[in-house]
Amino acid sequence: MDSDARVIDVTDLRRRYGPAGRGGFDAVRGLTFSVARGELFALLGTNGAGKTSTVELLEGLAAPTGGRVRVLGRDPYRERPAVRPRIGVMLQEGGFPSDLTVAETARMWAGCTTGARPPGEALEMTGLAERARVRVKQLSGGERRRLDLAMALLGRPEVLFLDEPTTGLDAEGRRETWRLVRGLRDAGTTVLLTTHYLEEAESLADRLAIMRQGRIVVSGTPAEVTASRPSRIRFVLPDGVAPGELPLSLRAAVGDDRWVEIRTDGLQESLGALLRWAGEKRLALDGLDARSASLEEAFLAIARSDAPAGAPPDAPAGAAAAAASGAVRGGAGVKETTGTGVER
């Protein structure tokens, strides 16, 4: 990516809390990534992965312990007066005065914002225009999140930081927010998003990174990240059919309840082999379900991995490697078969 196109540029970024040695904690451990102009980049990870600590450094709320960060070509901490008017920040909780109305809050915030759009316009964008006279303390949790978003949009930001933007929203409100964020991105706003809703990241993000223990473990487009995981085929093994009768090319896990699960890197080829076998045997495969890997599966494999933090990006380790191998190793009551009749 050309350096001029990098609206956010991070190199070996580090953040430590407390003193050196055992008395401190490294929350961010050498992140390197960039975000292009007009791109929506999602930063994912379990609680404690270091997402919020990273975003605070990008927003200029704290100085990094080490490394380099640039937003719009400037240091967001040391050059905060130049950067702050050009970015919008939606925190996990806005903390607006509870006794003010929505309209009063918007007017107050607009008065503190350089080049603010009309407060009513921001409320209209986020679906709060009809709630303008309602006090903040009377808003639902979802409405408060929409107010947080409205205030982040007041300054017509070039870069928008969204920290868990749809927490507390119902399904309709979440999708309305998605449409708004897509529209902002399509109009040229660069967006950095953190979220625990993996469907949200998969739907919105142009690229994403998954963090674990302060490091980026894997990054790429949603399709690239999910492509690293095997697809899945599930069905109930018909009565009277032994697991060893399955096609030789398929490696399957068979549970005591006769549910079969096949993990494969070639979904179409494996499903074709299975259906040809079933057709030749005149078998009905009850509960047949075939699907590509999801972002959730990739995320959970990383979250559960026993790999040491700092393993090379995209390198499967521990639990992730077991799943990526195409074999499903079961727990109690699950046997793996290679289709030869030999259970291992």
Are [X] and [Y] packed together at the side-chain level, in the sense that at least one heavy-atom pair is separated by less than 4.5 angstrom?
{"X": "R185", "Y": "D206", "result": "yes"}
{"X": "E202", "Y": "F299", "result": "no"}
{"X": "D148", "Y": "L91", "result": "no"}
{"X": "L160", "Y": "L193", "result": "no"}
{"X": "L288", "Y": "L275", "result": "yes"}
{"X": "V28", "Y": "R14", "result": "no"}
{"X": "E143", "Y": "V102", "result": "no"}
{"X": "P165", "Y": "E200", "result": "yes"}

Within a 6.0 Å radius of atom [atom1] on [X], are there more than 12 heavy atoms belonging to other residues, nucleotides or ligands?
{"X": "R182", "atom1": "CZ", "value": "yes"}
{"X": "Y77", "atom1": "OH", "value": "no"}
{"X": "E124", "atom1": "CD", "value": "no"}

Search all heavy atoms of [X] against all heavy atoms of [Y] and return the closest pair with its distance.
{"X": "P76", "Y": "V83", "answer": "CA-CG2, 4.1 Å"}
{"X": "P85", "Y": "R80", "answer": "CD-O, 4.2 Å"}
{"X": "P64", "Y": "V69", "answer": "CG-CG1, 4.5 Å"}

**OP:** Sequence neighbours left out, what passes ring-ring contact (aromatic ring centres under 6.0 Å, His included) with W109? Give chain and number order.
**Re:**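 ring-ring contact (aromatic ring centres under 6.0 Å, His included) list for W109, sorted by chain: F96.
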
Original post:
What pairs with E164 under salt bridge (Lys or Arg N to Asp or Glu O under 4.0 Å), at least two apart in sequence or on another chain?
Top reply: none

Subject >> D289: partners by side-chain contact (heavy atoms from CB on, under 4.5 Å), with sequence neighbours left out >> reply: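 For D289, the residues satisfying side-chain contact (heavy atoms from CB on, under 4.5 Å) (neighbours in sequence not counted) are R232, R291.
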
Original post:
How far apart are the C-alpha atoms of T264 and L250, what are their side-chain angles, what is the distance that settles it, and do they pass the side-chain contact (heavy atoms from CB on, under 4.5 Å) test?
Top reply: CA-CA 8 Å; T264 175; L250 302 180; over 6 Å; no

**OP:** Please determine which of V89, L192, I87 meets the side-chain contact (heavy atoms from CB on, under 4.5 Å) test together with V159.
**Re:** I87

Original post:
Could you walk me through whether E296 and R229 pass the salt bridge (charged side-chain N to carboxylate O under 4.0 Å, His left out) check?
Top reply: CA-CA 10 Å; E296 180 177 7; R229 309 299 308 157; over 6 Å; no

Linking I/L/V/M/F/W/Y whenever any side-chain heavy atoms sit under 4.5 Å apart, do [X] and [Y] land together?
{"X": "F161", "Y": "V35", "value": "yes"}
{"X": "I262", "Y": "L267", "value": "yes"}
{"X": "L285", "Y": "V241", "value": "yes"}

Under 3.5 Å, side chain of [X] to main-chain N/O of [Y], donor-acceptor pair present?
{"X": "R146", "Y": "G127", "result": "yes"}
{"X": "T46", "Y": "A49", "result": "no"}
{"X": "R258", "Y": "L237", "result": "yes"}

Original post:
Using 4.0 Å as the upper bound for N to carboxylate O, is an ion pair formed by D99 and R135?
Top reply: no

**OP:** Please report the C-alpha distance between R84 and T114 in whole Å, then the side-chain angles of each, then the deciding distance to 0.1 Å, and finally whether the side chain to side chain donor-acceptor pair (under 3.5 Å) criterion is met.
**Re:** CA-CA 9 Å; R84 183 64 187 91; T114 302; over 6 Å; no

**OP:** Start with the C-alpha gap between D9 and R68, add the side-chain angles, then the distance that decides, and say whether side-chain contact (heavy atoms from CB on, under 4.5 Å) holds.
**Re:** CA-CA 8 Å; D9 196 13; R68 179 180 181 273; 3.9 Å; yes

